[in-house]
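The block underneath contains the structure these notes are about, expressed in structure tokens.
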Amino acid sequence: MSSKRPKSKEARKIKGKDKKKENNFPTTDEGASELDHPDYIFPLVLTSATQELFGCRADEDLTGENPYKLLKKEDIVQDMKTRASVSDFSPVKQLVLDYPEDELLLVFDRDFTYGQSFYLVLTVEAKDNILKPSVQGDDEEPITHEEEVEEEEDMIIPKTPESHPWMSLGSEQEIEEESVTESRPRLRYKISPLLRRCGAPVFFSDRGALDRKEGFVECPSYQDKSFSIRAMERHTAVQASSDTKHSTTQTLWKYPRNTWTQYESREFSLDEKEHHLRSENMKNFITSVLTRFEISLQQNHIADVFCDDWTALCEDDGVLMGKTETTLKEYQSFMDLYFSKEKTISHIRWHPTISGVIAVSMTERLSLEERIDNSAKLLLNPSYILFWNFTDPINPQLQLECPDDVLCFQFCPSDPNIIAGGCMNGQVVLWDISAHVERLQDTRSGGKNISNNLDRNNVTPVVRYCAVSGIEIGHKAPITDIQWLPETFELSKLGIPVENPSRVSVQLVTCAPDCCVLFWDLRPPRAVSQSLTDVKQKSQEKPLENPHGVPNTFKHLNLTWKPFIRVSLPKIGSSGEYSPLKFSLRDNTVDCPTGDKPPQNVDREEGCGFAQLRVPSAKQQKPLENISTKLYVGTEDGELIYTDWKIEKDNDSGRLLSSKPIHRLLVHDTLVNTVSRSPFFRDILLTVSSFSFSIWKEGVTSGPLLRSACSKMLRTVGHWSLSRPAVFFIGKEDGSIEVWDLLQNSHEPSQIQNISSAAVTCISTSSISSKQHLLAVSDRLGTLHILQIPWTLRRSSNSERQIVKKYFEKEEGRLEYFQKRQIQHEKERKEMEAEQQRKKTEPMMSLKQEEELEAEALKEYEQFLALEKVILKNMGLLTVAEDRADL
Amino acid sequence: MAEVEDTLKRIQSINGVIGTIVLNAEGIPIRSTLDNSTSVQYAGLLHQLTMKARGTVRDIDPQNDLSFLRIRSKKHEIMVSTGVKYA
């Protein structure tokens with residue numbers, strides 16, 4: 001409420017400045033007409049007597065805090081009556097009387113806001129308004145307190161705003177001042193010219209504009225300053241309105257829908273097809289088109305259209321290599337200073353799985369007489385098989401101790417840790433090097449390990465043999481050749497090849513010049529009766545330690561090992577036997593029979609199998625049909641025997657006898673030192689003897705396919721190349737190697753290269769990688785040379801095999817032709833002899849025949865003369881003189 | 001009918017021929033020595049290729065027309081011969 005007052009006061013201050021002065025002066029009479037206070041407020045001056053009368057003494061009854069006093073109307077009226085014009089209330093006499101209620105509010109105006117010390121509130125509403133907010137203000141506090149005590153939640157009662165009546169603050173007065181109102185009625189004037197002028201005749205005349213000065217009025221242009229004045233201030237009104245535009249859009253509502261379509265290729269029905277085929281047009285079309293097809297097909301026949309000449313061209317080019325290396329390059333040589341003294345190498349074998357490891361067998365370099373003389377000394381000098389590794393050319397990796405000089409040995413194809421060797425005394429020896437395989441593999445990886453393990457370096461481990469065959473029951477002559485049977489099949493007692501379920505090579509074949517070929521089995525023989533003592537002995541033996549650190553692999557065989565098949569080679573046509581030196585078996589591969597699981601070689605323990613394998617009973621074994629049981633044997637006398645190893649039962653004596661050899665071929669003059677099969681062709685053999693070598697084909701019995709000329713230098717050994725079907729190597733006594741390439745020359749070697757000064761004793765090839773093929777050559781001095789085979793000799797072209805095959809077939813054809821010719825010659829010779837015989841028995845008959853012949857000849861001559869005359873007569877050439885002369 | 005049969009047999013019996021298909025102008029097989037699915041596949045593919053080849057030849061020279069088409073692949077050779085339309 002108090003805020004309202006200053007507002008109105010300010011409004012009045014702006015508008016009515018002159019009236020302000022009057023405000024400050026207290027006036028008692030001119031209250032209502034002056035607009036210096038609201039209408040409902042009437043400033044009063046109350047004398048002290050009046051104050052005491054009404055109990056509103058200033059600063060006593062009414063203070064600043066409590067300025068309100070309600071006065072009764074009757075009291076005021078009575079006061080006015082008693083004191084009439086002296087009463088302070090006299091100016092408001094009428095107002096008081098008009099006041100509707102009984103009590104009026106008197107407010108002590110301490111601050112003289114309305115000019116007097118007191119003012120009277122004249123309207124009920126104002127009174128209420130003044131009282132109520134104060135009352136409310138006073139009341140609110142106790143109420144709030146009460147409320148707080150009672151209910152603390154509802155502190156503020158939300159009030160909807162009530163619409164108050166509009167209170168005039170003087171703005172309508174401004175509008176009234178601005179508005180224009182008519183203060184008096186409008187005045188109307190009517191002006192018209194005198195009537196007498198209307199309708200009077202008028203006379204018009206011309207007058208020029210320039211005639212008189214007053215004829216025209218000039219309005220020259222002048223610079224109106226109002227246009228040049230720039231408006232600095234302008235009243236403008238701006239209204240912002242948004243730009244509206246009407247537009248519409250419509251979306252196409254596409255919802256996913258599953259659809260599918262199925263089509264079928266168009267086809268004719270049978271009737272339609274028939275109809276088409278029958279039509280005339282079809283016939284014409286086909287016949288017209290046929291010729292083109294035939295021409296094209298013929299073209300395809302004539303020239304092979306699918307052969308790519310470009311790629312086929314590049315296969316045979318070896319000329320790309322700048323330097324044609326044809327010589328065997330020396331790669332490494334091994335010579336053991338301690339062990340190789342006075343010794344020679346008899347056999348070389350590459351380790352089948354570990355690359356870079358090669359084994360050689362060392363034997364004494366003595367002839368037979370010398371051996372006999374020095375036999376005592378020889379017993380003290382044990383012989384060895386040495387393992388060499390490429391990383392260490394001075395020290396061998398492993399030594400295998402042998403009971404006697406080993407002439408030949410082989411790694412087991414199914415387990416490279418087992419090595420079988422044949423000795424000079426006829427014993428077969430077995431070694432198991434499983435304990436030392438890591439050493440061989442370790443050093444293969446490089447020299448790093450060697451430097452770390454110093455103690456292992458200097459001492460080469462010696463491995464003693466696991467088992468030897470019995471001396472009495474084996475060979476009686478030095479074993480010259482030994483081979484393993486492949487793991488795919490094994491032989492039964494009678495030599496019939498049967499299935500080998502264990503997939504482990506268990507059988508060996510050996511031959512010696514004691515005229516027999518023996519088959520050995522590695523498994524323990526089937527005991528006929530197993531006594532308890534034997535079982536006990538076996539169990540007692542187990543805790544015994546091996547005296548020499550020999551593994552137990554072949555304990556069951558040691559010294560009791562005997563062959564299970566003995567094939568003897570009786571001579572054909574005469575008594576006696578052949579003495580084999582080398583033999584060669586056909587390389588038989590057998591498919592895995594259905595139902596058997598393929599072998600899991602990885603899981604096999606080392607050296608476990610042999611003792612636990614048992615020779616299966618004859619009933620269980622299934623004979624295999626595809627295996628050829630025939631073998632070629634080269635003998636001491638230079639013969640090549642083709643025989644079967646199957647044992648037959650001789651019905652008369654009941655003994656088991658081996659069959660007679662199928663045929664025998666005498667080709668060479670001296671002993672055969674090599675019989676080897678080509679790795680590419682199963683039926684091609686190479687036999688080498690001292691002066692010549694031959695190539696044979698299995699089945700062709702008339703002769704060798706190729707026989708070399710006799711050479712001056714003795715040939716000691718031969719070996720096929722592993723990579724090229726047409727190449728083989730021959731070693732000679734002067735220490736050189738001949739490389740024979742059948743594609744180039746068949747009458748002389750394509751290359752001769754000298755390797756060492758002593759005779760070559762053995763050759764073996766190995767392919768370490770596709771880029772490196774190595775040839776191992778040993779000589780009589782005990783040195784092992786490793787040579788690298790050059791690219792030309794190891795890379796075969798695709799057609800080489802076929803070319804060689806054709807060559808062999810051609811040779812075979814030649815042999816057949818020779819045979820035929822020979823037969824024919826025989827026939828002719830016989831006929832000729834028969835004729836001669838006949839001629840001799842009839843000498844007289846020939847004379848008679850001669851006379852008759854003469855008579856016949858004369859007759860014929862006369863006939864001829866007659867004929868001649870007749871012809872000449874017919875031709876008119878005959879002269880009359882001749883005709884008459886004849887007559 | 002018999003002549004057509006004979007001729008087709010003759011072509012089929014030449015050494016090296018794997019199969020023969022006769023199509024009409026729209027590419028629907030009329031007669032085939034191969035099984036149905038193969039015939040349909042070959043018919044569809046070769047018809048399109050022949051149309052394309054023919055179009056090419058005639059674009060170059062409108063008086064010209066395709067007579068024979070040989071497709072040689074690594075494994076086989078396909079020969080297509082087109083004749084005058086016989087409706």
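In what follows, chains carry the letters A, B, and so on, assigned in the order in which the sequence lines appear, proteins first and then strands, with residues in each chain numbered from 1. Keep in mind that this is a model prediction, so the values were computed, not measured.
- In this structure, a donor-acceptor pair under 3.5 Å is present between the side chains of A/Asn300 and B/Arg70.
- In terms of heavy-atom pairs under 4.5 angstrom with chain A, the leader among B/Pro29, B/Gly44, B/Ala2, B/Ser67 is B/Ser67.
- Note on B/Glu5, B/Arg31, B/Arg10: by heavy-atom pairs under 4.5 Å with chain A, the leading option is B/Arg10.
- Note that the CG atom of B/Leu8 and the CG atom of A/Leu290 stand 9.0 Å from one another [nearest 0.5 Å].
- Atom CG of B/Asn15 has 12 or fewer neighbouring heavy atoms from other residues, nucleotides or ligands inside a 6.0 Å radius.
- More than 12 heavy atoms of other residues, nucleotides or ligands shown are found within 6.0 angstrom of NZ on A/Lys273.
- In terms of modelled atom types and a separation under 3.5 Å, the side chain of A/His276 and the main chain of B/Leu23 share no donor-acceptor contact.
- The heavy-atom pair separating B/Ser81 from A/Phe285 by the smallest distance is O-CZ, 4.0 Å.
- Looking at A/Met282, A/Glu267, A/Glu272 one by one, the single match for side-chain contact (heavy atoms from CB on, under 4.5 Å) with B/Ile30 turns out to be A/Met282.
- Heavy atoms of other residues, nucleotides or ligands lying less than 6.0 angstrom from CD of B/Glu3 number 12 at most.
- Residues B/Met79 and A/Leu297 form a side-chain contact, since some pair of their non-hydrogen atoms from C-beta on lies under 4.5 Å apart.
- Scored by the ring pair (Phe, Tyr, Trp, His ring centres under 6.0 Å) test, B/Tyr42 finds no partners at all (sequence neighbours excluded).
- Near-neighbour residues of residues 810-821 of chain A relative to chain B, defined by a heavy atom under 4.5 Å from a heavy atom of that chain, are none.
- Using a 4.5 Å cut-off between heavy atoms, B/Ser73 contacts chain A through its backbone alone, with no side-chain atom that close.
- The contact between B/Asn36 and chain A is made entirely by side chain atoms (from C-beta outward), counting heavy-atom distances below 4.5 Å.
- Residues B/Asn24 and A/Phe268 meet the side-chain proximity criterion, which asks for heavy atoms closer than 4.5 Å.
- Contact count versus chain B (heavy atoms, under 4.5 Å) is highest, among A/Lys283, A/Glu280, A/Arg292, for A/Arg292.
- Proximity to chain B (any heavy atom under 4.5 Å) is shown, for A/Gln298, by neither the backbone nor the side chain.
- Options A/Asn284, A/Leu277, A/Val289 differ in how many heavy-atom pairs under 4.5 Å they form with chain B, and the most are formed by A/Leu277.
- Contact annotation for B/Ile14: only side-chain heavy atoms (C-beta onward) come within less than 4.5 Å of a heavy atom of chain A.
- Both the backbone and the side chain of A/Ser296 come within less than 4.5 Å of a heavy atom in chain B.
- The choice from B/Lys74, B/Glu77, B/Lys75 that makes the most heavy-atom pairs within less than 4.5 Å of chain A is B/Glu77.
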